[in-house]
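Report on one structure; see the data block that follows.
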Amino acid sequence: MKQVIFCDFDGTITNQDNIVNLFKHFDPPGWEALKDDILARRISIRQGVGQMFSLLSTAKKEEIVRYAVDQAEIRPGFEDFIRFCRANDIRLLITSGGIDFFVYPILTRFAIPAEDIFCNGSDFSGETIRIVWPHPCDEHCDGDCGMCKTSVIRSYDEKEYERIVIGDSITDLAAAKLADFTIARDFLLEQCRKQGLNHQPFDTFYDVIEILSHHRGHGRCKQFDTTGTS
Ligand SMILES: [Mg+2]
Ligand SMILES: [Zn+2]
């Protein structure tokens with residue numbers, strides 16, 4: 001069976017969450033309340049992220065883009081991981097709730113075709129930043145995700161592909177539940193343990209390579225790791 005990986009960006013490929021770092025730095029009034037509303041699920045990710053960016057003036061475009069790109073640190077092993085996927089014929093897609101103006105520039109030094117990167121868009125033509133959503137939820141998702149990871153996963157037939165998710169946060173949980181196998185850190189890891197999802201923990205992409213090397217050939221083994229599922 002073919003393998004396809006859906007790899008998160010913020011907090012997965014990069015060490016930290018780029019959107020949070022950006023807002024911490026520019027600190028427009030009201031952003032933290034919106035962030036809390038998103039985390040408490042009082043508003044959807046699409047609404048919350050859209051409103052947060054509408055607090056930023058497009059007059060600062062250059063400064064905002066430069067800061068977002070410069071502050072990002074790539075998790076160790078990512079470049080080797082891309083090579084590993086290519087060598088093993090694993091389809092690698094980047095599925096990010098991030099925004100085009102930092103996702104593409106940060107990834108530009110890696111050999112990933114633009115069409116394999118799924119993220120949100122941005123429009124700087126007005127007074128404040130407007131986020132646009134080229135990858136909305138399909139008819140099976142009512143999450144109002146913005147960039148809908150489960151919709152992207154569903155576009156890969158489960159009979160044809162083993163679908164693997166790599167991620168770190170709440171925004172990856174629905175994807176992890178749909179996937180055959182998840183490689184997780186941080187909040188997502190806790191949830192995978194709690195909910196008994198088929199998963200392995202990772203810290204760097206060297207770990208991911210190691211996990212996938214052993215995972216290959218086992219095929220679909222949904223009961224792979226059921227430790228700590230209390
Ligand atoms: Mg993330
Ligand atoms: Zn959705």
Side-chain angles (χ1 to χ4, degrees), residues 5-24 34-39 41-50 52-53 68-69 71-78 81 92-104 106-107 110 112 116-121 131-156 158 163-179 181-193 195 197 199-205 207-208:
I5 292 178
F6 307 91
C7 184
D8 174 52
F9 185 71
D10 285 63
T12 298
I13 293 174
T14 60
N15 285 336
Q16 294 181 332
D17 190 298
N18 303 291
I19 294 181
V20 170
N21 281 359
L22 183 72
F23 278 89
K24 275 186 186 160
L34 286 166
K35 183 198 72 180
D36 293 343
D37 285 347
I38 296 171
L39 293 178
R41 305 205 208 178
R42 288 187 287 269
I43 53 176
S44 70
I45 295 173
R46 190 187 60 81
Q47 288 174 313
V49 170
M52 278 168 64
F53 277 91
V69 174
Q71 59 77 41
E73 291 165 16
I74 301 292
R75 191 170 296 278
F78 183 60
F81 167 64
L92 172 63
L93 303 178
I94 312 303
T95 46
S96 168
I99 318 298
D100 59 355
F101 72 80
F102 62 83
V103 174
Y104 289 107
I106 292 169
L107 288 177
F110 302 104
I112 304 171
D116 293 345
I117 301 172
F118 295 76
C119 65
N120 298 309
I131 301 302
V132 292
W133 317 95
H135 307 288
C137 302
D138 64 15
E139 70 273 22
H140 302 288
C141 181
D142 59 5
D144 199 25
C145 305
M147 205 316 276
C148 186
K149 299 190 185 200
T150 59
S151 297
V152 178
I153 295 176
R154 269 187 294 275
S155 71
Y156 283 79
E158 63 181 328
R163 305 182 298 186
I164 301 167
V165 163
I166 306 176
D168 72 306
S169 79
I170 179 82
T171 59
D172 301 303
L173 184 56
K177 285 181 183 169
L178 185 60
F181 180 53
T182 298
I183 303 172
R185 57 176 296 277
D186 202 48
F187 176 88
L188 184 66
L189 176 58
E190 278 171 42
Q191 289 301 315
C192 284
R193 281 181 176 143
Q195 305 199 24
L197 301 177
H199 77 282
Q200 286 283 299
F202 82 105
D203 184 32
T204 70
F205 279 96
D207 303 333
V208 174

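Start at 1 and go down the list; that is how both ligands and their atoms are numbered. All heavy atoms count here, side chains included; hydrogens, waters and symmetry mates do not.
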Practice problem: Check whether the ring centres of Y156 and F6 lie less than 6.0 Å apart, and answer yes or no. | Solution: yes
Quiz item: Does the ring center of F53 lie less than 6.0 Å from the ring center of F23?
Solution: yes
Quiz item: How open is the angle at the Zn ion (ligand 2) from atom SG of C137 over to atom SG of C148, rounded to 10 degrees?
Solution: 110°
Quiz prompt | Identity of the N, O or S atom of D10 lying closest to the Mg ion (ligand 1) | solution = O
Quiz prompt | Whether D168 has an N, O or S atom under 2.8 Å from the Mg ion (ligand 1) | solution = yes
Exercise. Answer yes if the side chains of D10 and T14 hold a donor-acceptor pair under 3.5 Å, and no otherwise.
Key: no
Exercise. State the atom name: nearest N, O or S atom of D8 to the Mg ion (ligand 1).
Key: OD2
Quiz prompt | Sidechain N-carboxylate O distance under 4.0 Å for R42, D36 | solution = no
